[in-house]
Participant: 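Structure in structure tokens, see below.
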There are 2 protein chains.
Amino acid sequence: MPAMSQTPLAYTPHDHDLCVKSALANAEAICVRQGVRLTALRRRVLELVWQSHKPLGAYDILAVLSEQDGRRAAPPTVYRALDFLLENGLVHRIASLNAFMGCVHPEHAHQSQFLICRNCHTAIEMESQTISEAITAAARSIDFVVQGETVEVIGLCAACRKAV
Amino acid sequence: MPAMSQTPLAYTPHDHDLCVKSALANAEAICVRQGVRLTALRRRVLELVWQSHKPLGAYDILAVLSEQDGRRAAPPTVYRALDFLLENGLVHRIASLNAFMGCVHPEHAHQSQFLICRNCHTAIEMESQTISEAITAAARSIDFVVQGETVEVIGLCAACRKAV
DNA sequence: AGATGAACGTTATTATATAACTTGGAGATC
DNA sequence: GATCTCCAAGTTATATAATAACGTTCATCT
Ligand SMILES: [Zn+2]
Ligand SMILES: [Zn+2]
Ligand SMILES: [Zn+2]
Ligand SMILES: [Zn+2]
């Protein structure tokens, strides 16, 4: 699997087919280790989510399953698959977009931190210990115990700033 | 107006009627300064949002306007008022809850940072420069320019930890 | 009073997500 | 191999959140 957490993958040109393939292989391994079943449907949904580095909506997934795969799918089909992937840390939900992104380092539990480009809609996952620590510190100062973070930053990526 | 940004107001017992009243007075002043109209409806919506320290959904507001105020209200009525309040920095939207909160320091533009108690649903607004700086630094390191932050932290507040 | 434009009312629709129940199918048990 | 069991997926209906498009009212300025 390519080193995805160091330089943000979404930025740099890369072999994206390989990128998707390795994400799926990684997911298989994780599911085996966790003793959970990555069924064909769940695998396919994960693949679709991974096929772009942009957040994907549940109904976009649904459309592909219905129109492209010819599967009889209704909303629960997609949401159940997404729930499974979320529970097992294979995707993240982006609340501010009602959309989903493949997780770039699902091996270990972690918080959800994203940079989202307003122009090209690419979402880049961060894993900044500094941000998490700042949040924990701020929370502790008013006696609040953190269970989960949602950090979603909107702005402009390097490529889009150059383009404009 | 009570000092709301120092010790989190939502935590401490306080004269909440006064709390709401001063928020409204503050809003009036801001709207005058900005040359925008805080109409009766907008004022009322702001009041409802402020009447709890918990995030309030658009349809909750709608229900009060219809049932309690006897006003003929449909979703656009509420959403337009909320849009106005958002534009003028008087309320924040909490993406992870699809809900709205009165802003505790609407005098100056700032990012939205919230601690949300999983148990009592109280939402406490933070204004941590440290968090913002950590985000900006992490973004800069991969050449991303920040335009807006969404920080929504879920966990347990002091009161609820004691209660359990 | 009449013109103007913003705010609000009204109706309909779109987008997102879940509830509740049924059917199917992989793996365990006999 | 047949049966049992349980989880996954199909199915139908509905809940919840948000917006589009158009008409009406009302404050304000001339
Ligand atoms: Zn890729
Ligand atoms: Zn991740
Ligand atoms: Zn209060
Ligand atoms: Zn605020």
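Since the structure is predicted, the reported quantities are computational estimates derived from the model, not experimental observations. First the proteins, then the strands, lettered A, B, ... as listed; each starts at 1.
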Participant: Just compare dG10(D), dT11(D), dA7(C) and give me whichever is closest to any side-chain atom of R42(B).
Facilitator: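 The answer is dA7(C), which lies nearest to the side chain.
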Participant: Measure the distance from CG on D83(B) to P on dA20(D) and round it to the nearest whole Å.
Facilitator: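 About 10 Å, once rounded to whole Å.
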Participant: Nearest to the T77(B) side chain among dA18(D), dG9(C), dA17(C), which nucleotide is it?
Facilitator: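 In terms of side-chain proximity for T77(B), the closest of dA18(D), dG9(C), dA17(C) is dG9(C).
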Participant: Could you tell me whether R80(A) contacts a base, only the sugar-phosphate backbone, or nothing, with contacts defined as non-hydrogen atoms closer than 4.0 Å?
Facilitator: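 Base: the residue R80(A), judged by heavy atoms under 4.0 Å, touches a nucleobase.
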Participant: Which one, dT10(C), dT16(C), dT11(D), comes nearest to the side chain of Y79(A)?
Facilitator: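 It is dT16(C).
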Participant: Quickly work out the D60(A) CG to dT14(C) P distance and round it to whole Å.
Facilitator: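 So the CG-P distance, D60(A) to dT14(C), works out to 16 Å.
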Participant: Would you call the rings of H16(A) and H14(A) parallel, tilted or perpendicular, taking 30° and 60° as the class edges?
Facilitator: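 If you compare the ring of H16(A) with that of H14(A), the planes turn out perpendicular.
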Participant: Send over the distance from L82(B) CG to dA17(D) C1', rounded to a whole Å.
Facilitator: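 Distance, rounded to whole Å: 12 Å.
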Participant: Please tell me which of A74(B) and R37(B) maps to the more 5' nucleotide of DNA chain C, matching each residue to the nucleotide holding its nearest heavy atom.
Facilitator: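 Closest to the 5' end, via its nearest nucleotide, is R37(B).
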Participant: Same cluster or not: are I142(A) and M101(B) linked, directly or through other Ile, Leu, Val, Met, Phe, Trp or Tyr residues, by side-chain heavy atoms under 4.5 angstrom apart?
Facilitator: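 Unlinked, I142(A) and M101(B) end up in two clusters.
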Participant: Taking atom C1' of dA9(D) as reference, at what distance in whole Å does atom CG of L85(A) sit?
Facilitator: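 In whole Å, dA9(D) C1' lies 15 Å from L85(A) CG.
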Participant: Choosing from dA8(D), dA17(C), dA7(C), which nucleotide comes nearest the side chain of T39(B)?
Facilitator: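 Nearest to the side-chain atoms of T39(B), counting from C-beta on, is dA7(C).
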Participant: Going by the angle between their ring planes, with limits at 30° and 60°, are H53(B) and W50(B) parallel, tilted or perpendicular?
Facilitator: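 Perpendicular, since the angle between the ring planes exceeds 60°.
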Participant: Separation of L65(A) atom CG from dA8(D) atom P, in whole Å?
Facilitator: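 Interatomic distance, CG of L65(A) to P of dA8(D): 17 Å.
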Participant: Take the protein atom CG of L62(B) and the nucleotide atom P of dA18(D), then report the distance between them rounded to whole Å.
Facilitator: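 Spelled out: CG on L62(B) to P on dA18(D) is 12 Å.
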Participant: In whole angstroms, how far is the C1' atom of dT22(C) from the CZ atom of R72(A)?
Facilitator: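 So the two atoms are 14 Å apart, to the nearest Å.
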Participant: Tell me which of A58(B) and A81(A) sits closer to the 5' end of DNA chain D, going by the nucleotide each one is nearest to.
Facilitator: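 Its nearest nucleotide being more 5', the pick is A81(A).
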Participant: Checking contacts here: which listed nucleotide (dA20(C), dG9(C), dA18(D)) is nearest the side-chain heavy atoms of L41(B)?
Facilitator: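 Between dA20(C), dG9(C), dA18(D), the one nearest the side chain of L41(B) would be dG9(C).
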Participant: Tell me whether the OP1 or OP2 atom of dA17(C) has a side-chain N or O from N98(A) closer than 4.0 Å.
Facilitator: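 Result: yes.
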Participant: If you assign F100(B) and A40(A) each to the DNA chain D nucleotide with the nearest heavy atom, which residue ends up on the more 5' nucleotide?
Facilitator: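 With F100(B) and A40(A) compared, the 5'-side residue is A40(A).
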Participant: Can you see whether E152(B) engages S96(B) through a side-chain donor-acceptor pair at a distance of less than 3.5 angstrom?
Facilitator: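 Present: a donor and an acceptor within the cut-off.
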Participant: Name the closest nucleotide to the P76(B) side chain, picking from dT18(C), dA17(D), dA20(D).
Facilitator: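 Nucleotide nearest to P76(B)'s side chain: dA20(D).
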Participant: How long is the line joining CG of D69(A) and C1' of dG10(D), in whole Å?
Facilitator: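 Spelled out: CG on D69(A) to C1' on dG10(D) is 16 Å.
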Participant: Is any side-chain heavy atom of H105(A) closer than 4.5 Å to a side-chain heavy atom of H110(A)?
Facilitator: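 Heavy-atom side-chain distance check passes, below 4.5 Å.
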Participant: With respect to the side chain of Y59(B), which nucleotide from dT16(C), dC8(C), dA18(D) is positioned closest?
Facilitator: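 Taking heavy atoms from C-beta onward, the closest nucleotide is dA18(D).
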